[in-house]
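Here the structure is laid out as structure tokens; the discussion comes afterwards.
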Amino acid sequence: MRILRYIGRRFLFIGPQLFGIILVSFLLVKLIPGDPAVMMLGPFATEEQLAMLNEEMGLDGTIIDQFWIYLQNLVQGDLGTSWQTTKPVFDDLAIRFPATLELVTLSLLLALLIGIPLGVAAAYFKRSIVKKFSDYYGLLAGSLPDFWLGLILIYLFYTIMQVAPAPLGRIDFAVLPPAPVTNFLIIDSLIAGNWQALWSTLGHLVLPVITLAVINAGPILKMTQATMERMLESDLIRYAEMCGLPKTTVIRKAFRNSLPSVVTIVSVLYGFLIGGAVLVEIVFSWGGAGQYAVQGVLNADINPVLGFVLFSAILSLIIYLLVDLIYFAIDPRIRG
């Protein structure tokens, strides 16, 4: 019952948060220079043609009228149509968002495998080469642009060594992709039993995943190291050491008490990377949701931008709800 009440309190804030995000996003998108009608009809369109198209798209009214029309369509599940792709935005995002989530999720998993062990080792072995390496790595990871690292990896492993596939999307052009079920190529390949597609998909994931993981392991490492150092100096851990508990047990207890901070930084990184990975998507021609939204901004195509913001907001709220549930499970003070 406690957990249900806990979840219920969190759900009370989701509606107002989504409305606020949609309102602010709509107003900001309207500040983007450029007339969608001109972009669609070209510079030689007449005033009558522009006025007629603006009326068809509902862009001839005030901002309040346009926002009200957008909300009415949104309630009916209509995110509008992209004039670039001539497809409903919902259909475009249903294809492109899994591409971004697949990339971001695997990147964060690899970043956790790099950052957490290094952070724990650097906190415990304070005067070792591991500590020095972790310090330098944390500084370097925080200063490197992810797109630059991606270009370097492409140059090394594709251009020079020729061991990586061409950075042109999620799968080789010569390989028949699996039938779309979830639009996650790894999952769809496993469902279809298409091992050639699975191998090609994994090959295309290697470089962009390494790019994002190497950069984002830095914040995870620093947060893990800082919280572990505090825990190792706490009275609880010192008492455990005085009682003669094994080192592995002491480290495990200290890390368990550090988990809330690590979970927090991971959730923040996940939400950030949904839109922040767009430069890596462009470098590797990934065709993800972030790249789709940026193209919408450049071409005054507002429906893809608003659709991307809405999808990202819903996903971020789900992530933060899951984080709250993790806090509830690992922190007895919240359950009390």
Side-chain angles (χ1 to χ4, degrees), residues 14 18 21 25 79 82 85 87-115 146-147 150 167-171 177-192 194 197-198 200-217 219-220 263-296 304-326:
I14 290 181
L18 278 178
I21 291 170
S25 302
L79 298 180
S82 168
T85 64
K87 297 179 182 178
V89 171
F90 185 89
D91 294 344
D92 283 339
L93 288 175
I95 296 173
R96 295 172 180 268
F97 228 87
T100 297
L101 292 182
E102 193 171 53
L103 174 61
V104 169
T105 302
L106 292 176
S107 299
L108 274 183
L109 288 176
L110 182 57
L112 286 171
L113 293 176
I114 297 172
D146 51 8
F147 68 91
L168 298 173
R170 303 168 65 193
I171 193 170
V181 178
T182 64
N183 286 318
F184 292 89
L185 282 182
I186 292 178
I187 297 176
D188 290 348
S189 299
L190 290 172
I191 292 174
N194 190 338
L198 177 62
S200 177
T201 300
L202 293 174
H204 279 262
L205 276 165
V206 170
L207 291 187
V209 164
I210 290 176
T211 299
L212 290 175
V214 167
I215 298 298
N216 291 281
I220 296 174
V263 170
T264 300
I265 190 65
V266 171
S267 64
V268 171
L269 286 174
Y270 200 100
F272 166 75
L273 282 177
I274 292 173
V278 59
L279 293 178
V280 174
E281 290 184 4
I282 292 173
V283 167
F284 290 93
S285 302
W286 199 249
Q291 186 177 353
Y292 178 64
V294 169
Q295 289 172 348
V305 181
L306 292 173
F308 170 76
V309 170
L310 181 61
F311 268 55
S312 300
I314 292 174
L315 182 62
S316 296
L317 290 175
I318 292 173
I319 291 171
Y320 294 142
L321 177 61
L322 293 175
V323 169
D324 286 338
L325 294 178
I326 293 173

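Note that the structure is a prediction, hence the values are computed from the model and not measured.
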message = How close do D146 and L212 get, counting heavy atoms only, and between which atoms?
response = OD2-CD2, 4.1 Å

ask   = Where is the tightest heavy-atom contact between T182 and P98, given as atom of each residue plus distance?
value = O-CG, 3.8 Å

message = Which label fits F311 and F97: parallel for a plane angle under 30°, tilted from 30 to 60°, or perpendicular past 60°?
response = tilted

query = Is there a side-chain contact between I314 and I318 (heavy atoms, below 4.5 Å)?
reply = yes

note = To the nearest 0.5 Å, atom CG of L108 lies from atom CG of L103 at 9.5 Å

inquiry  = Between S82 and D92, is there a side-chain donor-acceptor contact under 3.5 Å, judged purely by atom types and distance?
reply    = no

key: Between CG on residue L317 and OG on residue S312, distance to nearest 0.5 Å   = 10.5 Å

Point-to-point distance, once rounded to the nearest 0.5 Å, from OG1 of T201 to CZ of F184 = 13.0 Å

task = Looking only at non-hydrogen atoms, find the nearest pair between A313 and I21 and report the distance.
result = CB-CD1, 3.7 Å

ask   = Got I186 and L205 here, is their nearest side-chain heavy-atom distance under 4.5 Å?
value = yes

query = Do L279 and V283 have side chains that get closer than 4.5 Å, going by heavy atoms?
reply = no

request  = Starting at CG of L198, measure out to CD1 of I191 and round the result to the nearest 0.5 Å.
outcome  = 11.5 Å

ask   = Is a side-chain N or O of W286 found less than 3.5 angstrom from the main chain of A99, in a donor-acceptor match?
value = yes

Closest non-hydrogen atom pair between I171 and A197, with its separation = CD1-CB, 3.9 Å

ask   = Does CZ belonging to F90 count more than 12 external heavy atoms closer than 6.0 Å?
value = no

I95 side chain reached by D91 side chain, heavy atoms, under 4.5 Å = no

inquiry  = In the structure I gave you, are the side-chain heavy atoms of L101 and Y270 within less than 4.5 Å of one another anywhere?
reply    = yes

ask   = How many angstroms lie between CD1 in I274 and OG1 in T105, if you round to the nearest 0.5 Å?
value = 8.5 Å

ask   = Of all heavy-atom pairs between V104 and A277, which one has the smallest distance, and what is that distance?
value = CG2-CB, 4.5 Å

query = Backbone N or O of T100 within a donor-acceptor pair of the E281 side chain at under 3.5 Å?
reply = no

ask   = Of the non-hydrogen atoms in G275 and F308, which two are nearest, and what is the gap between them?
value = CA-CZ, 3.8 Å

query = Short question: side chain of D188, backbone of V181 - any donor-acceptor pair under 3.5 Å?
reply = yes

ask   = Say you draw a straight line from OG of S107 to CD of E102; how long is it, rounded to the nearest 0.5 Å?
value = 10.5 Å

ask   = Are the side chains of I114 and L110 in touch, meaning some heavy atoms are under 4.5 Å apart?
value = yes

message = Evaluate Y292 against L93 for side chain to side chain contact (heavy atoms under 4.5 Å, CB included), listing each step before the verdict.
response = CA-CA 8 Å; Y292 178 64; L93 288 175; 3.7 Å; yes

